[in-house]
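Just below is one structure, and these are the notes that go with it.
The figures here come from the full heavy-atom set of this structure, side chains too, leaving out hydrogens, waters and symmetry mates. Lettering follows sequence order; numbering is per chain, from 1. Keep in mind it's a predicted model, so treat the numbers as computed, not measured.
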Amino acid sequence: MRLATWNVNSVRTRVDRVLAFLERSGTDVLAVQETKCRDDQFPHLPFEAAGYHVAHHGLSQWNGVAVVSRLPVEDVEVGFPGMPTWGEPAAAEARALGATVSGVRVWSLYVPNGRTLEDPHYQYKLDWLAALRDAAHGWLAADPAAQVALVGDWNVAPRDEDVWDPAAFAGATHVSPPERAALAALGEAGFAEVTREHTPGAYTYWDYQRLRFPRNEGMRIDLVHASPALAARVTGAHVDRAERKGKGASDHVPVVVDLA
DNA sequence: ATGGTAGTGTTACTA
């Protein structure tokens, strides 16, 4: 089975690119982030016409997550237990959707950006990651053999090598020790990031501004964390860098994992 | 010189 994750930065703008990627790559299950639409605005027809099942959760023009699958999708869950809220009045955002495909529990995750270290959004980000860790720990405690994939846009670069110039990120989000610790805590909960060893030096995101892509000034922030039973099935991974090229590209590219 | 892009929906906000 081939599993992928991709922050598409608007599914309506990029539906043709997403379908072309699915066909070209032979991806069976794609976790999508930043659909940027409500459920009633999601382009269901072209996906269904191409033979894909879609589970989507979107509340507004912000965020929005989905699982797109060739195979049947079961047990769709919106948000995870304990997921923090945001805003006034406080409300859950469309940042997490769980769905089971062929016995694999796939969570499409769009971690809050954090904005700046002083912004309340930064603490929201840390709280969100801590709550996810707790929920994921609980899933594995309930079933140590569970095949769980926590995939998506984490908005954290786990290591200095995951940004083009660590010095340029001094005092910035995405690289701060608390954010990196929050991600590392997933390891303590039993999850392992499975794409790095197969994609050394790869970036998954390049800002639209300042010629970041032509200069290869990117970041690795799209990651796949697998439970032990799922990690044991991983045979390879790649980053579809070509998807960043040309007119109408997302600022993120797909990250693809092959499972035995 | 401290800019520059892209999305949504409206001229602001998010990234």
Side-chain angles (χ1 to χ4, degrees), chain A residues 5-21 31-44 46 56-66 84-96 108-129 151-158 162-165 167-176 179 182-183 203-223 240-255:
Chain A
T5 182
W6 190 9
N7 178 325
V8 298
N9 188 23
S10 169
V11 71
R12 287 178 290 176
T13 296
R14 256 172 280 289
V15 56
D16 291 342
R17 267 194 182 251
V18 176
L19 285 169
F21 162 74
V32 180
Q33 300 85 40
E34 280 215 271
T35 60
K36 290 189 163 177
C37 66
R38 299 185 307 267
D39 291 343
D40 63 287
Q41 298 172 307
F42 191 96
H44 285 280
H56 175 254
H57 174 51
L59 298 169
S60 68
Q61 70 269 46
W62 311 125
N63 314 308
V65 282
T85 56
W86 175 252
E88 188 57 49
E93 295 188 300
R95 294 183 178 275
S108 180
L109 304 168
Y110 180 44
V111 176
N113 176 286
R115 299 175 186 168
T116 68
L117 299 185
E118 299 77 28
D119 196 294
H121 210 257
Y122 177 72
Q123 189 58 49
Y124 172 49
K125 179 181 196 175
L126 296 178
D127 292 344
W128 203 94
L129 285 167
V151 311
D153 175 0
W154 297 82
N155 273 315
V156 178
D162 298 327
V163 297
W164 79 93
D165 180 8
F169 284 81
T173 61
H174 294 58
V175 301
S176 73
E179 288 166 275
L183 223 58
Y203 297 138
T204 66
Y205 161 85
W206 298 260
D207 197 301
Y208 285 123
Q209 302 185 56
R210 309 188 202 186
L211 300 172
R212 291 301 190 210
F213 182 63
R215 295 177 176 175
N216 195 29
E217 294 175 345
M219 306 171 73
R220 185 201 292 271
I221 55 177
D222 300 274
L223 306 163
D240 192 346
R241 191 176 191 281
E243 195 49 66
R244 185 64 177 80
K245 297 179 180 176
K247 189 174 173 58
S250 171
D251 42 1
H252 296 251
V253 294
V255 176

Please state the [atom1] separation for the pair [N] and [M] - nearest whole angstrom.
N	M	atom1	answer
B:dG4	B:dA12	P	16 Å
B:dT5	B:dT10	P	24 Å
B:dG9	B:dA15	P	16 Å
B:dA6	B:dT11	C1'	16 Å

Heavy-atom side-chain proximity of [X] to [Y] below 4.5 angstrom:
X	Y	value
A:D162	A:M219	no
A:Y203	A:I221	no
A:Q33	A:L109	no
A:E179	A:T173	yes

Q. Taking for each residue the nucleotide of DNA chain B with the nearest heavy atom, is it A:T35 or A:N155 whose nucleotide lies nearer the 5' end?
A. A:T35
Q | 5' priority, DNA chain B, between A:Q209 and A:R115 [closest heavy atom] | A | A:Q209
Q.
Below 4.0 angstrom, which residues in residues 9-21 of chain A have at least one non-hydrogen atom near DNA chain B?
A. A:N9, A:S10, A:R12, A:T13, A:R14
At under 4.0 Å between heavy atoms, what does [X] touch on the DNA or RNA strands: base, sugar-phosphate, or nothing?
X	result
A:Y110	sugar-phosphate
A:R95	sugar-phosphate
A:Q41	sugar-phosphate

**Q.** No-hydrogen, no-angle side-chain donor-acceptor test under 3.5 Å, A:N113 and A:K125
**A.** no
(Q) Out of the candidates A:R14, A:H56, A:Q61, only one should pair with A:T35 under the side-chain hydrogen bond (donor to acceptor under 3.5 Å, both in side chains) rule; please name it. (A) A:H56
Q: Look at the aromatic rings of A:Y205 and A:H252 and report parallel, tilted or perpendicular, splitting at 30° and 60°.
A: tilted
Q. According to the interplanar angle, ranging from 0 to 90°, do the rings of A:F42 and A:H44 count as parallel (below 30°), tilted (30 to 60°) or perpendicular (above 60°)?
A. tilted
**Q.** Qualifying residues under side-chain hydrogen bond (donor to acceptor under 3.5 Å, both in side chains), relative to A:Q123, sequence neighbours excluded
**A.** A:D127
Q | Span of DNA chain B, from the first to the last nucleotide whose atoms fall under 4.0 Å of chain A heavy atoms | A | B:dG4 to B:dA15
